[in-house]
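Contents: one structure, followed by commentary.
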Amino acid sequence: MNKLLRTLIPFDIAKGLSITGKHFAKVFFSANRRKVPFHITSEYPEVPAKVQPRYRGRLTLLKDEQGEIKCVCCLACEKICPTQVITIEKGKKEGRKMPFPVRYDFEMERCIFCEFCVESCGFDSIILNHQFELAAYNREDFSIGMEGLAQNMYEPTPVGKFSVAED
Amino acid sequence: MFKNEEMEINLGPQHPSTHGVLRVKLRLDGETITHCRPMIGYLHRGVEKICENQSFFQGQVWTDRMDYCSAVANNLGWAEANEKLFGITVPRRAQYIRTMLNEFNRLASHLIWLATHALDIGAMTVFLYAFREREDILDMNEAFCGSRLTTTAFRIGGLREDLPPGFEKMVQKFLAKFETCLEEYENLLSENRIWKKRTVGVAKLSAEDAIGLGVTGPVLRAAGVPYDIRKAFPYAAYAEMDFEVPTRTEADTYARYLVRMAEMRQSARIIQQCMDGMPEGPVMAKLPKILKAEVNEVYHATEAPKGEIGYYLVGEKGSGNPYRFHVRAPGFINLQALPKMAEGALIADIVAAIGTLDIVLGEIDR
Ligand code: SF4
Ligand code: SF4
């Protein structure tokens, strides 16, 4: 009898619908629905997304107070990188005792953003910045050279020439 | 006039309900499955071989990419296997943090299982609700280690950094609402007649078959075998935790659903205990300059959300790389049970069977 009643009257479906209805009402009738964006979703491209302070983004070469690249070419980061993304060429610069990288190549398409390189650097000369919009149109755009890496870490990732077809 | 013939069809590898690139070869007699063989290998990257060519330190990043829904659990197994190999003791605070993150990862993995499994069967609402909670866990991952999915969370010997400021608040906020969220899922599913019709008595796997096939994790526990490595061979800080191993005896899809829901409650309990009893101290052990192996081979098993994940490592004298590295992936072994579950069932039930095994192809193919 009980079972028959339960089959005839869809209690279970009513229960489920009440949950979805409750959530709908909560959002729809909230007083400041238009002012405060509902906390679960964010309107991402219009409202910039926030990342946590430890976020691992694109590799950046840091500069010291004189505006010189801090890296001293100890090659620790090159060795530790699990995907062999970094290539460094040692060189000299006028008026600097420590070696200076002539080339610091970083191929972002293979980087897996593990932060091992930052961890291995004993001179605090690299960091992973907070950028996550790293898409590019061409493969060459992912080979970021030294100038690109040494950019201010809050500036957007430099990309090469775009090859948008012209008509 | 009519011929009685069996038909062979492929399910996948691009079928949305196969959770990746799994191809299942089915032979059908009408709607009944008479023969079922999973075909794997579409996502093979050779993780084991890559790790053999990389140092012990670097190997961890590949374990993230095996079971990407439970990367922290994979990291934990890898770190502990290495610590066993080198004879390192991890500080207590690091153990607690590891345990906590591992349980968060179990929640995330079970939530994604619940979401996709319900979606496969046709309950769309749960999908969105479960992803809402998973998002909070991924945010915590991001706050702790800087990445949401491929975490690389631990280091051999402990952790890279301590918990970030404000982490405790995030955890408490999550735990405060999680119980209500679980009730919400249960209200949506447990009594739902469509859900019950699609799961009760579907894809049965008896305890004998499960043990015979080497199945572990919630699938084994839903068959009534209370085997959980966290209890049987405690690792990290599980020996100090008070929790139960939920089991059921029905051994069907619905029982597995109940087991996983109960497990989520236990995970929340463990996280609360970790937060309450969090000891102070360092999070990284003092490591020798050069890691020297004390024994030259280890097998270390941990309880990943999907079952027993085991790392087999062979060290070599004077070498920084593992000589041999092998992963006992839970999904790979659990997938063996699919023919047993599906043969004789209807074709619509194979979707439930794949979902209930909770497979991730990144781990099966490695
Ligand atoms: S983040 Fe990892 S993969 Fe990327 S450059 Fe650094 S070490 Fe290499
Ligand atoms: S580890 Fe640091 S100092 Fe050494 S080469 Fe890399 S960036 Fe330069």
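Just so we're on the same page: letters track the sequence lines, and every chain starts at 1. This one's a predicted model, so the numbers in the text were calculated from it and none came from an experiment.
In terms of heavy-atom pairs under 4.5 Å with chain A, the best-connected choice from B:Thr152, B:Asn187, B:Val126 is B:Asn187.
When atom types are taken as modelled, the side chain of B:Glu184 and the backbone of A:Ile19 share no donor-acceptor pair closer than 3.5 angstrom.
Other residues, nucleotides and ligands contribute over 12 non-hydrogen atoms within 6.0 Å of the CG atom of B:Leu287.
No part of B:Trp195 comes within reach of chain A, as not one of its non-hydrogen atoms sits under 4.5 angstrom from that chain. With a 4.5 Å cut-off on non-hydrogen atoms, B:Phe57 touches chain A through its backbone and its side chain both. With a 4.5 angstrom heavy-atom cutoff, B:Thr151 touches chain A only via backbone atoms. Both the backbone and the side chain of A:Tyr55 come within less than 4.5 Å of a heavy atom of chain B.
Just one residue in the list A:Arg54, A:Arg56, A:Gln52 forms a side chain to side chain contact (heavy atoms under 4.5 Å, CB included) with B:Cys145, and that residue is A:Arg56.
Taking CD of B:Glu161 as the reference point, atom CD of A:Glu119 lies at 8.0 Å (rounded to 0.5 Å). Put simply, CE on B:Met124 and OG1 on A:Thr20 are 13.0 Å apart, with the number rounded to the nearest 0.5 Å.
Contact of the A:Phe116 side chain with the B:Arg155 side chain is registered, since non-hydrogen atoms from C-beta on lie closer than 4.5 Å.
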